[in-house]
**Q** 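One structure follows; several queries about it will come next.
The basis for the numbers below is simple: all heavy atoms, side chains too, and nothing from hydrogens, waters or symmetry mates.
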Amino acid sequence: RKEVEQDPGPFNVPEGATVAFNCTYSNSASQSFFWYRQDCRKEPKLLMSVYSSGNEDGRFTAQLNRASQYISLLIRDSKLSDSATYLCVVSPLNSGGYQKVTFGTGTKLQVIP
Amino acid sequence: DVKVTQSSRYLVKRTGEKVFLECVQDMDHENMFWYRQDPGLGLRLIYFSYDVKMKEKGDIPEGYSVSREKKERFSLILESASTNQTSMYLCASRSPHSPGQGSSYGYTFGSGTRLTVV
C-alpha cells in the first residue's frame, strides 16, 4: 500500500460547484498534514495546513479524520483559477531535525466555464 | 517571503555528461531538499541537507550526489547523465522548526529545472 494515496482525477467541475478531494495515508504516526497546489509546469505551493480541528481559508476547508486516516480538501464556489493539481503532504512529527514528508501524486482539478 | 532560485529552467544534456543543478535560498533555512517529479510517481526525494556540509540520502539517491558548501546553496550533481534521469527537478527549502497550530510552516520550492538527457 502506498504511504499516501490520492485519486489522480481529473475532476471536471463547472464553475460555482463544490468539489472535495480525499487523501489517505498509511502511517498512523503521521502528525502533520498539508495541501499544496501545483499549476501546470509550475512548482508546488503551500495552500494550507490541516489541523486536527479542521480549518477554513475562504472557500477552502481542510479536514482530518484520524480514525480513518485521511485528509480532505473542500473547495466551494469553484473558480476557473482553481484549476490545478492538488497534492497532499503527510509528515510524522518529531522533536527536531529532518521530518520525512511524503507527497501524494496529486489530484487534478479542471474547472470548466 | 522565502525565495528559492534554481539556476536553469530548461536544460538539455547528452548521455554521460556531468550535470550541475544549482539552488539558492535567501531565508537562512537550514533544511534544503532535491526532488524529482515524474508523471504518475509524484515527488521523490533524492537528497536533503540539514546543515552546511551535511547531506543525507533520500529515497532515490542512485546516480546523484550533492554539495552544500554554503548554507544558502545546495547543488545537485548527476555524475554521468542517463536518459532515465530526464525529469523535472525541484529544489526546496524549509525551516526546521516544528510546526504548531497557527504557525506558518511548509516547503518553499524553486520553479524547477526541466532536464532532458538525450
Side-chain angles (χ1 to χ4, degrees), chain A residues 2-10 23-25 27 30-57 62-64 71 84-108, chain B residues 1-6 9-10 23 25 29-51 54-60 68 74 87-114:
Chain A
K2 284 186 181 176
E3 288 185 65
V4 176
E5 289 199 72
Q6 295 184 253
D7 182 340
C23 167
T24 59
Y25 60 94
N27 184 355
S30 299
Q31 295 288 336
S32 302
F33 308 90
F34 308 89
W35 283 103
Y36 278 70
R37 172 198 168 119
Q38 186 172 23
D39 293 300
C40 189
R41 297 189 175 276
K42 296 284 183 77
E43 73 274 20
K45 292 186 178 176
L46 180 63
L47 178 65
M48 58 197 302
S49 303
V50 185
Y51 302 132
S52 300
S53 53
N55 49 300
E56 195 173 301
D57 183 3
Q63 292 198 306
L64 166 64
I71 62 171
T85 297
Y86 292 84
L87 310 176
C88 75
V89 180
V90 174
S91 171
L93 184 68
N94 56 33
S95 58
Y98 172 63
Q99 301 172 21
K100 184 184 189 300
V101 301
T102 303
F103 287 81
T105 53
T107 296
K108 187 170 182 178
Chain B
D1 277 353
V2 178
K3 247 194 135 172
V4 179
T5 304
Q6 293 184 230
R9 193 87 172 94
Y10 297 94
C23 175
Q25 52 97 0
H29 282 176
E30 286 85 355
N31 293 350
M32 295 187 75
F33 308 84
W34 275 106
Y35 287 87
R36 64 178 281 178
Q37 186 175 30
D38 301 286
L41 297 177
L43 278 90
R44 293 182 291 167
L45 181 64
I46 305 171
Y47 266 96
F48 65 97
S49 168
Y50 49 86
D51 207 346
M54 306 298 282
K55 58 186 179 184
E56 294 285 344
K57 292 180 180 178
D59 298 319
I60 51 162
R68 184 107 182 258
F74 191 35
S87 186
M88 168 70 95
Y89 289 88
L90 288 158
C91 174
S93 164
R94 185 176 66 82
S95 167
H97 302 300
S98 295
Q101 186 136 349
S103 68
S104 174
Y105 170 81
Y107 286 67
T108 299
F109 286 88
S111 54
T113 296
R114 190 166 291 278

**Q** Go through the atoms of Asp59(B) and report whether side chain, backbone, both or neither lie under 4.5 Å from a heavy atom of chain A.
**A**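 Contact with chain A involves the side chain of Asp59(B) alone.
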**Q** Not counting sequence neighbours, which residues clear ring pair (Phe, Tyr, Trp, His ring centres under 6.0 Å) with Phe33(A)? List them please.
**A**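 Result, ring pair (Phe, Tyr, Trp, His ring centres under 6.0 Å) vs Phe33(A): Tyr25(A).
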**Q** For Pro44(A), is it the side chain, the backbone, both, or neither that has a heavy atom closer than 4.5 Å to a heavy atom of chain B?
**A**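 Interface part for Pro44(A): both.
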**Q** Within 45° of the six-membered ring axis of Tyr10(B) and under 6.0 Å from that ring's centre, is NZ or CZ of Arg114(B) located there?
**A**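 Not satisfied by the 6.0 Å and 45° rule.
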**Q** Is it the backbone or the side chain of Gln6(A) that comes under 4.5 Å from a heavy atom of chain B, or both, or neither?
**A**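 Neither part; nothing is under 4.5 Å.
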**Q** Could you pull out all residues at least two apart from Tyr47(B) that satisfy side chain to side chain donor-acceptor pair (under 3.5 Å)?
**A** none
**Q** Pairing donors with acceptors under 3.5 angstrom, does anything connect the side chains of Thr113(B) and Gln6(B)?
**A**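 There is such a pair (donor and acceptor under 3.5 Å, judged by atom type) between the side chains of Thr113(B) and Gln6(B).
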**Q** Check each atom of Gln37(B) against the heavy atoms of chain A and say whether the ones under 4.5 Å are side chain, backbone, both or neither.
**A**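 For Gln37(B), the contact with chain A is made by the side chain alone.
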